[in-house]
Amino acid sequence: MSRGMASGYRFCTKFDWPVALSSNAAILLHLVQSDRRGADMTHQPHTREVRRPRSIVVAASLQLLTVIPFLIGTFVVLLYGADAQAAAEAEIVRQGLPATILAQHGINFGGSETLAIVLALILVTLAVLNLAGKGVGRILSWIFQPILFAMGVIIIPGQLFTAQFMESSFKNSGDSMLTRIDVPALIDAATHVMPGWLLPVNIAKLVLTTLGSLLVIILLAVPSARAYFRRA
């Protein structure tokens, strides 16, 4: 072979082969890793943040707002209930009747607030589930809110119009001692011990358990809410 051809071509000697092989292996490894990264990016799921619609936010807010008057009522009963009961019994004695007549007929202004605490816990749980887009929260809300609505219609008015309800109950009881009680004076003695802002709290409780429950049911059924629970 001529000198010119030798200068134009380079032949690999036995010492060049390991270098060439290692270089080719590095290139091949780089290509494999690049292809794998590309495949991972191709198959990576596209996560898109799901925004809460206003219907869900308002519904959950109503549920949380309903908790507040229940907790305030519990606080008032725990703090003032015993004094209110004592004042009511003193008024009964002033009217010439035995103080035990109230307890005998289940009248207790310092009664247990266990039900209120349970209702508050349920409402908080449902609000959290609805905000998280859990379908079980919507289903349970549709079950619970009608129950709360019924309680708001049947029970809570008795807290606002206690004298009228109690007086009617005493007249229809057939008990001669109960019919002798001056109910307005009895209620005035008990409520005089309670804080003056309790009446607005009970009004808020009535509105939130009735109209608020209806709004929650409707808001969880609108199209934006249905779409949110499907995507979340």
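What you see is a predicted model, and the numbers here were worked out from it, not measured in a lab.
- Among all heavy-atom pairs drawn from Asp182 and Pro184, the shortest one is OD1-CD, 3.2 Å.
- Nearest heavy atoms, Val77 versus Phe109: CG1-O, 4.4 Å.
- Residues Gln63 and Ser141 approach most closely at NE2-OG, 3.1 Å, considering heavy atoms.
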For the pair Leu220 and Ile56, evaluate side chain to side chain contact (heavy atoms under 4.5 Å, CB included) and give the outcome as yes or no after the intermediate values.
-> CA-CA 7 Å; Leu220 293 179; Ile56 296 296; 3.9 Å; yes
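- Under the 6.0 Å distance and 45° angle rule, Lys205 counts as a cation-pi partner of Phe70.
- Looking at every heavy atom in both residues, Ala84 comes nearest to Met194 through CB-CE, 3.6 Å.
- Each of Val128, Ile122, Leu129 was checked for a side-chain contact (heavy atoms from CB on, under 4.5 Å) with Thr125, and the lone residue meeting it is Leu129.
- Under the 4.5 Å side-chain criterion, counting only non-hydrogen atoms from C-beta, Met166 is in contact with Ile187.
- Here CG of Asn202 is found 8.0 Å from CD1 of Ile156. Values are rounded to the nearest 0.5 Å.
- Under the salt bridge (charged side-chain N to carboxylate O under 4.0 Å, His left out) criterion, the residue pairs touching residues 82-102 are Glu91-Arg94, with sequence neighbours excluded.
- Phe149 CZ to Gln145 CD: the interatomic distance, rounded to the nearest 0.5 Å, is 11.5 Å.
- At a threshold of 4.5 Å between non-hydrogen side-chain atoms, the residues Leu186 and Leu102 count as touching.
- Residues Ile92 and Pro98 come closest through the heavy atom pair CG2-O, 3.2 Å.
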Show your reasoning for whether side chain to side chain contact (heavy atoms under 4.5 Å, CB included) applies to Thr209 and Met151.
-> CA-CA 8 Å; Thr209 54; Met151 294 179 63; over 6 Å; no
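- A donor-acceptor pair under 3.5 Å links the side-chain atoms of Tyr228 to the main chain of Leu131, judged by distance alone.
- Residue Ile107 is not grouped with residue Leu115 when hydrophobic side chains (ILVMFWY) are merged at heavy-atom distances under 4.5 angstrom, including chains of intermediate members.
- To the nearest 0.5 Å, atoms OG (Ser55) and CD1 (Ile218) are separated by 12.0 Å.
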Worked check of side chain to side chain contact (heavy atoms under 4.5 Å, CB included) between Leu206 and Gln159 = CA-CA 9 Å; Leu206 176 63; Gln159 299 175 357; over 6 Å; no
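- Hydrophobic clustering (side-chain heavy atoms under 4.5 Å, transitive across Ile, Leu, Val, Met, Phe, Trp, Tyr) groups Leu126 together with Val67.
- Summarising the geometry, atom CG belonging to Asn130 is positioned 9.0 Å from atom CZ belonging to Arg138; distances are rounded to the nearest 0.5 Å.
- Between Leu62 and Gly212, the closest heavy-atom pair is CD1-O, 4.1 Å.
- Within the structure, salt bridge (charged side-chain N to carboxylate O under 4.0 Å, His left out) pairs that include any residue of residues 162-175 do not occur (at least two apart or interchain).
- Cluster membership check: Val201 does not share its hydrophobic cluster with Leu119, using side-chain heavy-atom separations under 4.5 Å among Ile, Leu, Val, Met, Phe, Trp and Tyr.
- Annotation: the span from Thr100 atom OG1 to His105 atom NE2 amounts to 10.0 Å, rounded to 0.5 Å.
- The cluster map of Ile, Leu, Val, Met, Phe, Trp and Tyr, joined by side-chain heavy atoms under 4.5 Å apart, puts Ile117 and Leu123 in different clusters.
- Under the 4.5 Å side-chain heavy-atom criterion for grouping Ile, Leu, Val, Met, Phe, Trp and Tyr, Trp197 is connected to Ile68 within one hydrophobic cluster.
- Summarising the geometry, atom CG belonging to Leu208 is positioned 12.0 Å from atom CD1 belonging to Ile203; distances are rounded to the nearest 0.5 Å.
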